[in-house]
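Quick notes on the structure that follows.
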Amino acid sequence: MTSLDLPQVKGRLVVDGTFRVAGRDDLLAIGDAAYVEWQGRPLAQLAQVAVLEAPALAANLVHLIRGEPTEPYVHKDKGDLVALGRTSAGARLRRFLFLTMPRDVVFAGFPAWTVWRVNYLTQLLGVRNRGSLLTEWLLSYFTTRMVSNIP
Ligand SMILES: Cc1cc2nc3c(=O)[nH]c(=O)nc-3n(C[C@H](O)[C@H](O)[C@H](O)COP(=O)(O)OP(=O)(O)OC[C@H]3O[C@@H](n4cnc5c(N)ncnc54)[C@H](O)[C@@H]3O)c2cc1C
């Protein structure tokens, strides 16, 4: 096996605006594996970032195969959702999701928890996955946690 000497920051491959590593057309990286700077700051190692980058990388891969110019990635942060206990959460939704809003929408409590849960469900693929998770959530809401007492 050959190891390549590639630019890294904290174990992440440094990529350019089109996800190319070291300017190579045959080596692209996204998600946790990639160090992507956006507006002077590195994008976080979060699922949202990886999910947003994936279609952009796929489009550039097609461009490269066809010999077309690649397109620079434009990061559109959607905001943050954080679960805070059984029925509470914090939410920051980016302004562009609500064009009439002057700034990001920030809220907490049960409304944020509902948005968190609905968002989570919609991210899953397939009715079966969504149905089984929803059932699991309902069961866990009405039952106590299963814990064992280890002597
Ligand atoms: C405990 C934990 C909690 C987290 N919680 C959150 C959260 O609440 N919200 C959030 O946004 N993000 C969270 N993250 C971060 C999130 O999981 C990652 O940012 C996201 O999964 C990155 O996606 P990815 O596709 O880049 O990498 P991954 O999801 O890690 O996928 C990489 C895949 O490549 C496979 N792989 C690795 N090496 C090889 C190889 N040599 N050959 C073939 N396959 C290989 C791996 O098995 C894996 O399936 C959490 C991470 C951890 C560890």
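Atoms within a ligand are numbered from 1 in the order they appear, just like the ligands themselves.
Residues D77 and R92 are paired through a salt bridge, judged by an N-O separation under 4.0 Å between the basic side chain and the carboxylate.
Side chains of R20 and T70: a donor-acceptor N/O pair is present below 3.5 angstrom, by distance only.
Aromatic ring pairs are classed by plane angle as parallel below 30°, tilted from 30° to 60° and perpendicular above 60°; the pair Y73 and F19 is tilted.
Within a 6.0 Å radius of CZ in R86, more than 12 heavy atoms belonging to other residues, nucleotides or ligands are found. By the neighbour-count criterion of 12 heavy atoms within 6.0 Å, atom CZ of F107 is densely surrounded, having more than that number from other residues, nucleotides or ligands. Summarising the local packing, CG of L125 is surrounded by 12 or fewer heavy atoms from other residues, nucleotides or ligands at distances under 6.0 Å.
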Pairs of nitrogen or oxygen atoms, one from ligand 1 and one from the protein, closer than 3.5 Å: please tabulate them with distances.
{"residue": "ligand 1", "atom": "11 (O)", "partner": "A47", "partner atom": "N", "Å": "2.9"}
{"residue": "ligand 1", "atom": "12 (N)", "partner": "A47", "partner atom": "N", "Å": "3.3"}
{"residue": "ligand 1", "atom": "19 (O)", "partner": "D32", "partner atom": "OD1", "Å": "2.7"}
{"residue": "ligand 1", "atom": "19 (O)", "partner": "D32", "partner atom": "OD2", "Å": "3.4"}
{"residue": "ligand 1", "atom": "19 (O)", "partner": "Q45", "partner atom": "O", "Å": "3.2"}
{"residue": "ligand 1", "atom": "19 (O)", "partner": "L46", "partner atom": "N", "Å": "3.3"}
{"residue": "ligand 1", "atom": "19 (O)", "partner": "A47", "partner atom": "N", "Å": "3.4"}
{"residue": "ligand 1", "atom": "26 (O)", "partner": "D32", "partner atom": "N", "Å": "2.9"}

